[in-house]
> 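What follows is a structure written as structure tokens; I'll ask about it next.
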Number of protein chains: 2
Amino acid sequence: MHPFIRKISNFADISAGEADMLLDLFVTERDYSDGEAVFTEGEEQTTFFTVLEGWFYAYAILPDGSRQIHDIYHAGDVIGLDHLSWSQATTSVSAASNGRLALAPLEPARRMMAGNPHLSAILYSLHMLTNVLLLDRITAVARLGAYESLAYFLSDAITRRKMIRADYPSELYLPLNQKFIADCLGLSAVHVSRQFNKLIENGVIRRLSRASIQILDEERLRKIGDYHDRYANLDTARFETELGRAFQESSSDS
Amino acid sequence: MHPFIRKISNFADISAGEADMLLDLFVTERDYSDGEAVFTEGEEQTTFFTVLEGWFYAYAILPDGSRQIHDIYHAGDVIGLDHLSWSQATTSVSAASNGRLALAPLEPARRMMAGNPHLSAILYSLHMLTNVLLLDRITAVARLGAYESLAYFLSDAITRRKMIRADYPSELYLPLNQKFIADCLGLSAVHVSRQFNKLIENGVIRRLSRASIQILDEERLRKIGDYHDRYANLDTARFETELGRAFQESSSDS
DNA sequence: CGATTTGTTGACTGGTTTCAACAGTGGTGG
DNA sequence: CCACCACTGTTGAAACCAGTCAACAAATCG
């Protein structure tokens, strides 16, 4: 199944026809190599994206040259929905590994959203979800120490992986170097290294290879990072019945 | 003019009829006194809100008892739009001063959004705006020092005030104590006090009374906090013409 | 006017950064 | 296949920023 549809079906019922409508928006695919820029802050935008394969990330560069990473995108995630409201990108996005994106021009997407309020509602909900997750991240970054903050980061990475494969194994493949993680959390790479080893010492995780770790005690990791699983609490029933029905009624009304 | 409409008209053309449709959603008004809870994380929700008067804020309490403030709401801001997707509140909201809210039940709101894609698009855009602002806040909190971070906070407060009155004076009324600001930025109250005085020493701001300050050098303040005015860059023309038109066409099509 | 809350100041502590040197790893080309 | 090189992660020492604690001052409220 297409990763985008797989992700959506985690929290919303979507018919085969609707899935096709969504996928029809993505008229182009493109490969990116590790480190390649997808777009840069300020550039004029005419498409949005979904990740087919690989890791991508959004970031900003500060006046002093340091980098703040805003978000990491895995297979199935949507990139650049904000291009619907800003013609110019508000952040920069690059590839964190070799990968592949599907591109959807904005115009047909706008029409599709207008014509299909149910799908529109799903995208709306997806957007709210990222918003709530962002608030959790602010909390983690602003109020937790480096050790806890890193635990939060890893918990989130696991949870997001599980969205794509429920039976995701306890090995977590993380093709992100420690400078990268540091720039997510507002820490220094050196300190991330220390906290990483502290998690290993405490028996919470184990290193399998350079780019992958094994989670030994997932529950403890989540507790350290005070991680709330917002996906689980997303009220899909309500969303489907009330919001979806309201939209569907109205579109068949007129 | 109603503060909610005044805020929206800052970045979207809205007809008198549409404004009335929106305002009709708010069937109740209620007064809150300083410190009173509007709702608490986990509580079942059946309405969303807009601020008529006073200051409100969203926050979370961490396991160690510390508080992270997620957002501050002024007159015209919307509270609890996420209740459309979660039946239970994901954060807590309280009054930061005496104030007044207008309440809108969710059901009619859903129907209105489904039936009027133009208004729906406006709300969608409003949501994207808060999302982009959140990313800026993460950057400020995670990567800037306390001095810069405070400058960011004040810049944002000014900008948001100006959304309601373009001719807003250089005096900024801030009925928020320093512990409150500290909890926004993930700092200690003591340290906020020190950075505040540093801004005063440097001639950037001046204290008028306990609860209000005067901005002496607004541009410098923004520069210190690396503040980007996202409202200014919101592409209203594109939003109005393309997205609005697409929605309007489709609703008159069928 | 006294009581409570809020802001200020100083000394101390602790977490995090920075710098520098080094080790391990992977990749590349000879 | 090996030698070399670049990149990434590790470790220690020192500096720095921010937190904590405590005492006090100032403002606000009843």
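Each chain gets a letter, A, B and so on, in the order its sequence line appears, and its residues count up from 1.
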> Can B/D156 and B/Y227 be counted as having a side-chain donor-acceptor contact under 3.5 angstrom?
yes

> Working to the nearest 0.5 Å, report the span between CD1 of A/I158 and CG of A/L172.
5.5 Å

> Report the C-alpha distance between B/V141 and B/Y152 in whole Å, list the side-chain angles of each, state the deciding distance to 0.1 Å, and finish with yes or no for side chain to side chain contact (heavy atoms under 4.5 Å, CB included).
CA-CA 9 Å; B/V141 167; B/Y152 174 89; over 6 Å; no

> Where each residue is assigned the nucleotide of DNA chain D containing its nearest heavy atom, which of B/E148 and B/S209 is assigned the position nearer the 5′ end?
B/E148

> Any side-chain heavy atom of A/N197 sitting closer than 4.5 Å to one from A/S193?
yes

> Starting at CG of B/D183 and ending at P of D/dA18, how long is that distance when rounded to a whole Å?
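Atom CG in B/D183 sits about 16 Å away from atom P in D/dA18.
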
> Do A/R161's NZ or CZ and the ring of A/Y173 fall within the cation-pi criteria of under 6.0 Å and 45°?
no

> Output the rounded distance in Å from CD (B/Q195) to C1' (D/dC17).
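These atoms are roughly 9 Å apart.
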
> Can you tell me how far P of D/dG19 sits from CD1 of B/I181, to the nearest Å?
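For the pair B/I181 CD1 and D/dG19 P, the rounded distance is 14 Å.
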
> Indicate the ring-plane relationship of A/H2 and A/F26, choosing parallel, tilted or perpendicular according to the 30° and 60° boundaries.
parallel

> Rounded to whole Å, please give me the gap between CG in B/L174 and P in C/dT6.
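Rounding to the nearest Å, CG of B/L174 and P of C/dT6 are 15 Å apart.
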
> Please round to the nearest 0.5 Å and tell me the distance separating atom CG of A/L187 and atom CD of A/Q195.
8.0 Å

> Rounded to the nearest Å, what distance is computed from the NE2 atom of residue B/H191 to the C1' atom of nucleotide C/dT8?
14 Å

> Could you check if a side-chain atom of B/I224 sits within less than 4.5 angstrom of a side-chain atom of B/E148, using non-hydrogen atoms only?
yes

> Counting C-beta onward and ignoring hydrogens, is there a side-chain heavy-atom pair between A/L135 and B/Y59 closer than 4.5 Å?
no

> Can you pull out the residues from residues 63-70 of chain B that lie within a 4.0 Å heavy-atom distance of DNA chain C?
none

> Tell me the interatomic distance from A/L144, atom CG, to C/dG14, atom C1', rounded to whole angstroms.
17 Å

> Expressed as a whole number of angstroms, how long is the span from B/L187:CG to D/dC16:C1'?
16 Å

> If the sugar-phosphate is the primed atoms plus P, OP1 and OP2 and the base is the rest, what is the B/S/- string for nucleotides 4-14 of chain D, using protein heavy atoms under 4.0 Å?
----BSSBBB-

